[in-house]
Participant: 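Quick one: the structure is below, and I'll ask about it shortly.
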Amino acid sequence: MRQAVSSFVGDDYLSPALAGMLFPDLLQRFVPISVLPDRSEALEKGWEYGWRKRCEAIPCDDPSKFSTDFLSLWSQPSRKAWIPAWLIGGALQEDGRPVLTSNIQVGNAIDAWDFHYIAGTDVRLSTAILNGARFPYVSSSGTISNPVMPHHVDAVHIVDGGYFDAAGVEVARGLAQSMVASGGVASTDNIQPIFLLISNDGVNPPFTPDAVGAVAGPSTPIACRDQSPKSGCPGKDGGLSTIAPDLFGPIQGLYRSRAAHGERLKTLLYRFAPTQAGGVPTKVLTVDLCSMAVPMNWALSANARHVVDDLLTEKQDSAGECERQNISDFNQLISILRS
């Protein structure tokens, strides 16, 4: 199964999306009613076909898994294996707030829309995954017709969760905080929240610890203290915004603000991790791709999978500080899970 999953996530899924964009999507622009599949559906079908193809070569329990309903993963009576809860983060185009596609209902424990509630229906597994991976322009926004909203609207649209949280940590942090806080559902349980972040910042540890007894002085963003420009700090050429600042400056500012907001949310997790009163301290661990290049930030590209596989097989290169910290954090995770 591990070989099938590893091979599946490394397949080429950009081609179906581009083909859908250049042919049916483009033709649909000249047709007054929606009759043709868009590039998002092409990407979903690509995932479904990719999984079926892998199951033909390597036996798996369900070749049609990606085309079945998302919630059916947890409702099949014959399923005996433990399946973790899924929290897939998207964002609502109309208000920018997060949209959570999940198999659990968390009530008002987090500040987000519940996808299944506002949509009033379930979706295929491939669609649920896309709800958190709608890369701008590569895949189209998802339309929810006649949504359940405080005020009537004909439709809303779900876009990539990175618009709101580029780090992908806030929903999980907020949920853990509500669980372990006084009066939360797990406030009296003996649990230890553990966060494992797979990042592409080029540094690990992500932040330099604050000096003890530091004196007053100029403030600097946490992510920019003793870190490389890759972490999002100024240091690279401004590109087009340098040539035409009035035209491209606002675009760069909006884009960088999105990334900085994600950095801030990640900073909140590291500095104020949800911890049960009097309980075991929360662990926040990181596996970074270090010097590995990742096309379009695709977290499951070949390079990203090689980093994780090398950690699992204890073949991770320990030449640099980033790689050594990867090994340390991963070993901590294994030790905690075995205890």
Participant: Under the 3.5 angstrom rule, does the side chain of His261 hit a backbone N or O of Ala166 as a donor-acceptor pair?
Facilitator: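 Side chain of His261 to backbone of Ala166: no pair is present.
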
Participant: Would the distance check show the side chain of Glu94 and the main-chain N or O of His157 forming a donor-acceptor pair, the cut-off being under 3.5 Å?
Facilitator: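 A pair under 3.5 Å: yes.
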
Participant: Check whether Asp69 reaches the backbone of Leu71 with its side chain - one donor and one acceptor, N or O, closer than 3.5 Å.
Facilitator: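 Pair absent, no side-chain N/O of Asp69 close to backbone of Leu71.
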
Participant: Could you check if a side-chain atom of Pro274 sits within less than 4.5 angstrom of a side-chain atom of Arg173, using non-hydrogen atoms only?
Facilitator: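 Yes; the side chains approach each other to less than 4.5 Å.
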
Participant: Indicate yes or no: at least one non-hydrogen side-chain atom of Ile194 is less than 4.5 angstrom from one of Leu196.
Facilitator: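 In short, these two side chains do not touch, never coming nearer than 4.5 Å.
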
Participant: Taking all heavy atoms of Ile144 and all of Pro147, pick out the closest pair and write down the distance.
Facilitator: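 The pair with the smallest heavy-atom distance is O-CD, 3.6 Å.
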
Participant: Do the side chain of Ser139 and the main chain of Phe135 share a donor and acceptor less than 3.5 angstrom apart?
Facilitator: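 Such a contact is found between Ser139 side chain and Phe135 backbone.
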
Participant: What is the minimum heavy-atom distance between Arg134 and Ser141, and which atoms define it?
Facilitator: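 Closest heavy-atom pair between Arg134 and Ser141: NH1-C, 3.8 Å.
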
Participant: With a 4.5 Å cut-off on side-chain heavy atoms, are Glu321 and Pro205 touching?
Facilitator: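 Heavy-atom side-chain distance check passes, below 4.5 Å.
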
Participant: Distance only, no hydrogens: is a donor on one side chain within 3.5 Å (strictly under) of an acceptor on the other, for Ser126 and Glu48?
Facilitator: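 Yes, side-chain donor-acceptor contact under 3.5 Å.
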
Participant: How about Asp122 and His116: does a side-chain donor come under 3.5 Å of a side-chain acceptor?
Facilitator: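 Looking only at side-chain atoms, His116 and Asp122 do form a donor-acceptor pair, the distance falling under 3.5 Å.
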
Participant: Taking C-beta and beyond as the side chain, do Gln105 and Asp114 meet within less than 4.5 Å on heavy atoms?
Facilitator: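 They are in side-chain contact.
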
Participant: Minimum heavy-atom separation for Arg258 to Gly162, with atom names?
Facilitator: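 Minimum heavy-atom contact is NE-O, 3.0 Å.
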
Participant: Counting neighbours of OH on Tyr49 that are heavy atoms of other residues, nucleotides or ligands and sit closer than 6.0 Å, is the number greater than 12?
Facilitator: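 Not buried by this count: 12 neighbours or fewer within 6.0 Å.
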
Participant: What are the two closest non-hydrogen atoms of Ala128 and Thr101, and how far apart are they?
Facilitator: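 Here Ala128 and Thr101 meet closest at CB-CG2, 4.0 Å.
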
Participant: Looking only at heavy atoms, which two atoms of Thr282 and Thr275 are closest? And how far apart?
Facilitator: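 Looks like OG1-OG1, 3.1 Å.
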
Participant: Grab the two heavy atoms, one from Asp160 and one from Gly132, that are nearest each other, plus how far apart they are.
Facilitator: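 Asp160 and Gly132 have their closest heavy atoms at OD1-O, 3.8 Å.
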
Participant: Please verify the inter-ring angle class for Trp74 with Trp86; under 30° counts as parallel, over 60° as perpendicular, anything in between as tilted.
Facilitator: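 Aromatic pair Trp74/Trp86 classed perpendicular.
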
Participant: Taking the side chain from Asn326 and the backbone from Asp288, do they hold a donor-acceptor pair closer than 3.5 Å?
Facilitator: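 Answer holds: yes.
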
Participant: Is there side-chain contact between Ile129 and Trp47, with at least one heavy-atom pair below 4.5 Å?
Facilitator: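 The answer is yes; the side chains approach within 4.5 Å.
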
Participant: Quick one: sort the Trp51 and Phe66 rings into parallel, tilted or perpendicular, breaks at 30° and 60°.
Facilitator: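 Answer is tilted, since the angle falls between 30° and 60°.
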
